[in-house]
> 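Provided herewith is a single structure, encoded as structure tokens, for subsequent inquiry.
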Number of protein chains: 2
Amino acid sequence: MAAPRGDGLKYERVLNALRSRIADGTYPPGMMLPSQSQLVAEFDVSRPTVIEALRLLRQEGLIESQTGRGSFVRGKVPALNLERAYPGQRLLDLAESESSAELLQAGIIVAPVRVTTLLELPAGSKAFLRQYVLSDEDGPIELVSAWFPIDLVTGTKLTSPEPMDEGIRRHLYGRKRLRLDYAMERTLARSATAEEAHALKMPAGAPVLNLVVTGHDADGKALQLVDAVLPGDRHELRDAYPLT
Amino acid sequence: MAAPRGDGLKYERVLNALRSRIADGTYPPGMMLPSQSQLVAEFDVSRPTVIEALRLLRQEGLIESQTGRGSFVRGKVPALNLERAYPGQRLLDLAESESSAELLQAGIIVAPVRVTTLLELPAGSKAFLRQYVLSDEDGPIELVSAWFPIDLVTGTKLTSPEPMDEGIRRHLYGRKRLRLDYAMERTLARSATAEEAHALKMPAGAPVLNLVVTGHDADGKALQLVDAVLPGDRHELRDAYPLT
DNA sequence: TCGCCCAACCTGTCATGTCAAGTTGGATTG
DNA sequence: CAATCCAACTTGACATGACAGGTTGGGCGA
């Protein structure tokens with residue numbers, strides 16, 4: 001069921017109302033929430049609907065519940081601005097036509113050792129490369145190389161020199177019923193190669209962030225590799241998480 | 001309702017059976033689970049009971065479900081290669097005496113702009129710095145600078161030139177009842193400064209990964225900043241996560 | 001005044017049933 | 001061969017109802 005955002009679903013309406021009351025101090029820490037029966041009456045919904053809203057509040061750490069006793073607001077409200085970063089997923093999902101991508105090349109060439117290793121291809125073998133530059137108003141900001149085993153791209157639009165109008169991941173699913181399950185990222189700092197420096201209009205040897213991401217299916221097989229080169233002076237990766 | 005352990009509740013019986021089948025390979029990664037209707041028939045329970053068991057499997061990351069499509073076993077879970085990285089937490093928790101740390105300096109000095117900005121101190125003000133180098137058998141691998149507002153370290157062992165025998169976070173809680181709630185990380189690539197190059201025994205200007213981490217309390221206040229400089233040719237940050 | 005009992009409340013679990021919306025694959029048509 | 005349609009499947013959401021077990025506080029008796 002495709003739900004509208006926010007309050008589309010009844011349990012979300014209850015959830016958001018309770019969240020707001022906790023956040024604004026209407027329900028201060030330690031206070032018992034209205035009982036499930038009271039919430040049923042107040043929101044004119046069924047008890048399982050209220051139970052689902054309360055379960056999500058517990059999951060968010062905002063309240064705690066105890067059979068026979070009630071639900072209570074917890075002492076500390078987690079910082080709402082915590083957001084983990086998924087730069088690899090962003091690369092795997094990039095839709096070229098929705099970005100500033102300028103395609104540099106698309107074709108089958110002998111892949112570097114790192115690519116064949118990570119894609120579990122024989123050393124020295126060829127792979128399919130789709131390479132482009134992303135830019136902003138100040139110039140090139142990212143050089144992206146997407147690598148695939150050759151058999152994976154036959155019958156897809158990836159072989160075309162036209163910009164992709166949808167994300168690669170979505171395209172691979174639509175044409176080949178291939179599903180990526182997880183991503184593995186590797187981040188390192190090194191000097192730009194001459195070719196990279198040229199493509200990114202930066203001094204040769206300048207430091208770059210290099211993100212190498214592999215997209216894997218549920219069996220662990222690497223289906224796709226994306227290599228992003230980011231000028232060091234124009235990029236900073238951000239991440240945030242609760243401490244345990 | 002106080003439930004017996006394990007299989008006392010009906011949804012737990014379903015949950016544990018499905019967990020076992022996933023763990024022993026009966027349901028390998030990528031395989032679609034029996035539908036909810038099929039599980040209802042197999043376990044002779046109601047559909048909401050099956051739904052609860054599946055919800056818990058999703059919460060554990062073992063399966064993924066999609067309306068209209070089915071529930072599927074996820075790739076290699078739990079696996080070491082599917083583990084999110086917390087390099088900032090590692091830095092905030094570093095116990096010097098349990099690592100290869102060689103303390104370079106500990107004292108109050110005028111802090112760089114970036115430090116005062118992130119610690120919300122007046123520009124040009126002093127802060128407490130504790131700086132050391134980590135090494136392996138091949139030489140220095142990491143230069144770590146831990147910065148604190150001065151009032152935060154008074155009355156702690158941080159002011160001592162002796163190695164800390166416990167993590168800084170634990171120490172701050174023990175002495176000052178200060179609790180770090182979350183971390184924010186910033187990762188960038190740049191060239192090593194002359195000082196850093198010297199401390200890390202690397203060529204001046206060589207590329208480095210620079211991790212800047214702030215530890216915040218529950219109110220969002222930055223209590224501590226750790227700046228780690230990692231030679232680019234000796235470090236690669238790893239991360240992995242399910243794709244959504 | 002204290003201890004016990006019990007009613008009244010609470011949350012958790014489970015069932016049956018219905019409706020909504022998404023996905024898939026086969027059939028059909030152009 | 002590609003596009004469209006639709007039946008049959010799937011999961012998600014919501015309702016009503018019932019029962020189990022925990023907690024609490026008031027009333028009563030010793």
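In what follows, chains are A, B, ... by sequence order, proteins preceding strands, each numbered from 1. Values below: every heavy atom of this structure, side chains too, minus hydrogens, waters and symmetry copies.
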> Can you tell me if A/Asp24 has over 12 outside heavy atoms packed within less than 6.0 Å of its CG?
yes

> Applying side-chain hydrogen bond (donor to acceptor under 3.5 Å, both in side chains), name anything that partners B/Ser71, two or more places apart in sequence or on another chain.
B/Ser65

> Across the strands shown, which category fits A/Glu52 at heavy-atom distances under 4.0 angstrom: base, sugar-phosphate, nothing?
nothing

> Specify the separation, in whole Å, of atom NZ of A/Lys10 and atom C1' of D/dG12.
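Nearest whole value for this atom pair: 14 Å.
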
> From D/dT10, D/dT16, C/dT11, pick the nucleotide closest to the side chain of B/Ser37?
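The answer is D/dT10.
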
> Which residue lies toward the 5' end of DNA chain C, A/Pro48 or A/Leu54, if each is placed at its nearest nucleotide?
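The residue closer to the strand's 5' end, by nearest nucleotide, is A/Leu54.
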
> What nucleotide among C/dT13, D/dT16, C/dG12 has an atom nearest to a side-chain atom of B/Tyr11?
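Of C/dT13, D/dT16, C/dG12, C/dT13 is nearest to the side chain of B/Tyr11.
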
> Choosing from D/dT10, C/dG12, C/dA15, which nucleotide comes nearest the side chain of B/Ser35?
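Per side-chain heavy atoms of B/Ser35, the pick is D/dT10.
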
> Counting any heavy atom closer than 4.0 Å, what does A/Arg55 reach on the DNA or RNA strands: base, sugar-phosphate only, or nothing?
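Nothing, no heavy atom under 4.0 Å.
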
> Tell me whether the count of non-hydrogen atoms from other residues, nucleotides or ligands lying under 6.0 Å of CG in A/Asp136 goes above 12.
yes

> Looking only at N and O atoms, is any donor in the side chain of A/Arg47 or the base of C/dG12 less than 3.5 Å from an acceptor on the other one?
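For A/Arg47, whose side chain was compared with the base of C/dG12, there is a donor-acceptor pair (under 3.5 Å).
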
> In whole angstrom, what separates A/Ile51's CD1 from D/dA13's P?
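Rounded to whole Å, this separation is 15 Å.
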
> Between A/Ser46 and B/Gln38, who's closer to the 5' end of DNA chain D by nearest nucleotide?
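Result of the comparison: B/Gln38.
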
> When you measure from the side chain of A/Gln66, which nucleotide among D/dT23, C/dA15, D/dT10 comes out closest?
D/dT23

> A/Arg69 CZ to D/dA20 C1': how many Å, rounded?
20 Å

> Can we say A/Glu196 and A/Arg190 salt-bridge, meaning some charged N sits less than 4.0 Å from an Asp/Glu carboxylate O?
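Salt bridge between A/Glu196 and A/Arg190, a charged N being under 4.0 Å from a carboxylate O: yes.
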
> Output the rounded distance in Å from CG (A/Leu57) to C1' (C/dT11).
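Roughly 15 Å, once rounded to whole Å.
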
> Between C/dA15, C/dT11, D/dC14, which nucleotide gets closest to the side-chain atoms of B/Thr49?
C/dA15

> Within a 6.0 Å radius of atom CD on A/Glu120, are there more than 12 heavy atoms belonging to other residues, nucleotides or ligands?
yes

> Rounded to whole angstrom units, what separation is found between the CD atom of A/Glu64 and the P atom of C/dT11?
13 Å

> Please state how far atom CZ in B/Phe43 lies from atom C1' in C/dC14, giving the value in whole angstrom units.
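Those two atoms, CZ and C1', are 16 Å apart.
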
> Roughly, in whole Å, what's the span from CD in A/Glu12 to P in D/dC14?
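It is 8 Å, rounded to the nearest whole Å.
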
> Rounded to the Å, how far apart are A/Gln36 CD and D/dA15 C1'?
15 Å

